[in-house]
Amino acid sequence: MSKAKPGSYWLMKSEPDAYSIDDLERDGKTFWDGIRNYQARNFIRDEMKVGDRVLYYHSNAKPPGVVGVAEVVSEAYPDPTQFDPDSKYYDPKSPQDDPRWLLVDIAFVGRFDEIVSLNQLKEDPALDGMLVIRRGQRLSVQPVEVQHYAHVLEMAGYDGD
DNA sequence: GCCAACGTTGGC
DNA sequence: GCCAACGTTGGC
């Protein structure tokens with residue numbers, strides 16, 4: 001199954017205490033390790049492509065919200081932390097020859113001048129149906145519709161790309 | 001810190 | 001294959 005669609009858009013959550021947009025800006029690029037949810041893994045494995053754009057979302061933050069933009073810069077490949085007994089992401093049940101968990105590399109693209117908070121997202125009718133504003137939505141990697149992506153950038157006054 | 005929502009595990 | 005128990009996420 002190959003879909004000839006242009007780029008896809010995503011929202012990826014990170015707790016700023018663990019890895020914030022500042023960390024990503026400093027590093028330029030990072031391994032998005034620690035995905036341990038099958039639905040998120042499937043998006044990464046089946047649908048993410050190099051060049052896809054990502055809304056960078058701070059969860060467990062005050063306030064939570066979108067703080068910038070990142071870009072997918074690798075294909076999916078096995079997450080090495082699943083085989084590392086010292087890692088908190090260690091998964092002893094993942095077979096070495098058929099790794100259960102994958103990751104992609106993410107690069108910094110830009111930062112918003114100000115956070116676009118979850119509240120703002122919820123209050124804007126143009127974003128009706130966006131997954132992140134759905135109650136109880138815990139998925140840390142989620143698809144975003146192109147018009148929602150564009151609208152969030154607009155809300156941020158971001159014209160970096 | 002609380003707790004609702006939801007995913008995963010394991011007994012049966 | 002059901003479902004209760006448990007663990008985690010993440011807003012508040």
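Letters go in sequence order (proteins before strands), and every chain restarts at 1. Note that the coordinates shown come from a computational prediction; the quantities given were computed from them, not determined experimentally.
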**Request:** Answer with yes or no whether the side chains of A:Thr81 and A:Arg36 bring together a donor and an acceptor at under 3.5 Å.
**Result:** yes

**Residue pairs involving residues 98-123 of chain A (criterion ring pair (Phe, Tyr, Trp, His ring centres under 6.0 Å); sequence neighbours excluded)** = A:Tyr38-A:Trp101, A:Phe112-A:Tyr158

**Asked** Under 30°, 30 to 60°, or over 60°: which ring-plane class applies to A:Tyr9 and A:Tyr149, parallel, tilted or perpendicular?
**Response** tilted

**Sequence-distant partners of A:Lys93, side-chain contact (heavy atoms from CB on, under 4.5 Å), two or more places apart** = A:Asp91, A:Arg100

**Message:** Any non-hydrogen side-chain atom of A:Leu55 less than 4.5 Å from a side-chain atom of A:Leu153?
**Reply:** yes

**Message:** Regarding A:Lys62, tell me which of base, sugar-phosphate or nothing describes its non-hydrogen contacts under 4.0 Å with the strands shown.
**Reply:** nothing

**Message:** Using a 4.0 Å cut-off to any heavy atom of chain A, which nucleotides of DNA chain B are the first and last in contact, reading 5' to 3'?
**Reply:** B:dA4 to B:dT9

**Fill in**
Closest to the 5' end of DNA chain B, once A:Gly136 and A:Asn60 are matched to their nearest nucleotides, is A:Asn60

